[in-house]
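First comes the structure, then the notes that go with it.
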Amino acid sequence: MAAQITYADVEVGTELPAGSFPVTRATLVRYAGASGDFNPIHWNEKFAKEVGLPDVIAHGMFTMAEAIRVVTDWVGDPGAVVEYGVRFTRPVVVPNDDRGGLIEVTAKVAAKLDDNRVRVDLTATSAGQKVLGMARAVVALG
Amino acid sequence: MALDQSFVGRSYPPTDPYEVGREKIREFAVAVGDDNPVYTDPEAAKNAGHPDVIAPPTFVFAITFAAAGQVVADPQLGLDYSRVVHGDQKFAYARPVRAGDRLSVTSTIEAVKSMAGNDIIDIRGEVHDESGEHVVTAWTKLVSRAPEEA
């Protein structure tokens, strides 16, 4: 385990460096290929609107993957993540333009646990709306 | 139509092993824009204490979700997949997934509920490597939305 942050370094309320992750239609096509999730709501605007969505939306798992980067970038070794869970509350809408959407993530240490582990609570928003609920990770620190 | 409660606790046979490749991990890391070298550089991974490159935390979902397809497509269960959305996702890791792993998933239905016409199913996927070591558990909540009133 090579966590670069030590348990003694942090206290409840310690904020992690925030992250900001752009997502365009091209990002979603690439993620679809890498993940094997080819649901057309993530690349076909006509289909997305037919099933009642405002536009093409990002894969929930893409948003989940971006949010945890705030934790893995902070701790250095992604192998330090012991638990990670989220609720998908609102979709990240991805307009068909050069800018696309933006996922903004903040996180803070919410609890110090046994065995040098801490619970980190994450907040992810896009276009001012919270897109993940109950987003929490447990991380083993050095 | 409400799903059959008798499916709670049902487990499905372990899936055929999925072999995790270095290049598949690299492709996933590029797709999420993450340049952490432990995903692509075996030396960096070794320096962090891993025997080979490791996968980003959510990588394993592709494997557990494919396995959950056994449940979703079970004709006896009768879930309307065209109306399914992903509600919650959680992982508990015994160790990170790494290149060279041959991973098998055993899926179990943990809960079946009907709320306001929506069918909700909780599936637990236990992921083991070829030696039988537990690697990660994935909990997936799927919601099949009620059809709109005509």
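Residue numbers start from 1 in every chain, and the chains themselves are labelled A, B, ... in the order their sequence lines are given, proteins ahead of strands. As the structure is a computational prediction, the values presented were derived from the model and not from experiment.
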Practice task
Say whether B:Val85 and B:Ile109 are linked into one hydrophobic cluster, either directly or through other cluster members, by side-chain heavy-atom distances under 4.5 angstrom.
Solution key: no
Problem - Whether over 12 other heavy atoms sit under 6.0 Å from A:Arg25 CZ - result: yes
Fill in the blank from the handout: From the list B:Ala92, B:Ala94, B:Ala45, the residue making the most non-hydrogen contacts under 4.5 Å with chain A is B:Ala92
Handout entry: A:Arg30 CZ: over 12 foreign heavy atoms closer than 6.0 Å
Key = no
Fill in the blank from the handout: Looking only at B:Ala138, B:Pro57, B:Gly87, the option with the highest number of non-hydrogen pairs under 4.5 Å against chain A is B:Gly87
Problem - Common cluster, B:Val143/B:Val112, ILVMFWY with side-chain heavy-atom separation under 4.5 Å - result: no
Problem - A:Pro78 to B:Val38 - nearest heavy-atom pair and separation - result: CD-CG2, 3.4 Å
Practice task
Step through the shown structure and confirm whether more than 12 heavy atoms of other residues, nucleotides or ligands are within 6.0 Å of CG on A:Asp98.
Solution key: no
Practice task
Between chain B and each of A:Met134, A:Met61, A:Met64, count heavy-atom pairs under 4.5 Å; write down the option with the most.
Solution key: A:Met61
Problem - Minimum heavy-atom distance between A:Arg69 and B:Val32, given as atom pair plus value - result: NH1-O, 2.8 Å
Exercise for the section: Measure the spacing between CZ of B:Phe91 and CD of A:Glu83 and express it to the nearest 0.5 Å. Expected result: 12.5 Å
Exercise for the section: May I ask whether B:Trp139 and A:Val86 are part of the same hydrophobic cluster, defined by side-chain heavy atoms of I, L, V, M, F, W, Y residues being less than 4.5 angstrom apart, directly or through others? Expected result: no
Problem - B:Ile54 to A:Gly79 - nearest heavy-atom pair and separation - result: CD1-N, 3.7 Å
Practice task
Find the one option among B:Val136, B:Asp88, B:Thr137 whose heavy-atom pairs under 4.5 Å with chain A are most numerous.
Solution key: B:Asp88
Problem - Hydrophobic cluster membership, A:Phe88 vs B:Val84, 4.5 Å side-chain cutoff - result: yes
Handout entry: Non-hydrogen atoms of B:Tyr93 and A:Val81 that approach each other most closely
Key = CD1-O, 3.4 Å
Problem - B:Lys24, part contacting chain A, at a heavy-atom distance under 4.5 Å - result: side chain
Problem - chain A contact via B:Tyr39 - side chain, backbone, both or neither, heavy atoms under 4.5 Å - result: side chain
Handout entry: Toward chain B, the part of A:Tyr31 with a non-hydrogen atom under 4.5 Å
Key = both
Fill in the blank from the handout: Shortest non-hydrogen pair, A:Ser35 vs B:Ala62, comes out as O-CB, 3.4 Å
Handout entry: Nearest-0.5 Å distance that lies between atom NE2 in A:His59 and atom NE2 in B:His86
Key = 12.0 Å
Exercise for the section: Would you mind checking which part of B:Val97 comes under 4.5 Å of any heavy atom in chain A, side chain (CB onward), backbone (N, CA, C, O), both or neither? Expected result: neither
Practice task
Give a yes or no on whether A:Leu16 and A:Val82 share a hydrophobic cluster (residues Ile, Leu, Val, Met, Phe, Trp, Tyr; joining criterion: side-chain heavy atoms under 4.5 Å apart).
Solution key: no
Completion exercise
The reported gap from OG1 in A:Thr72 to CG in B:Asn36 (rounded to nearest 0.5 angstrom) is 6.0 Å
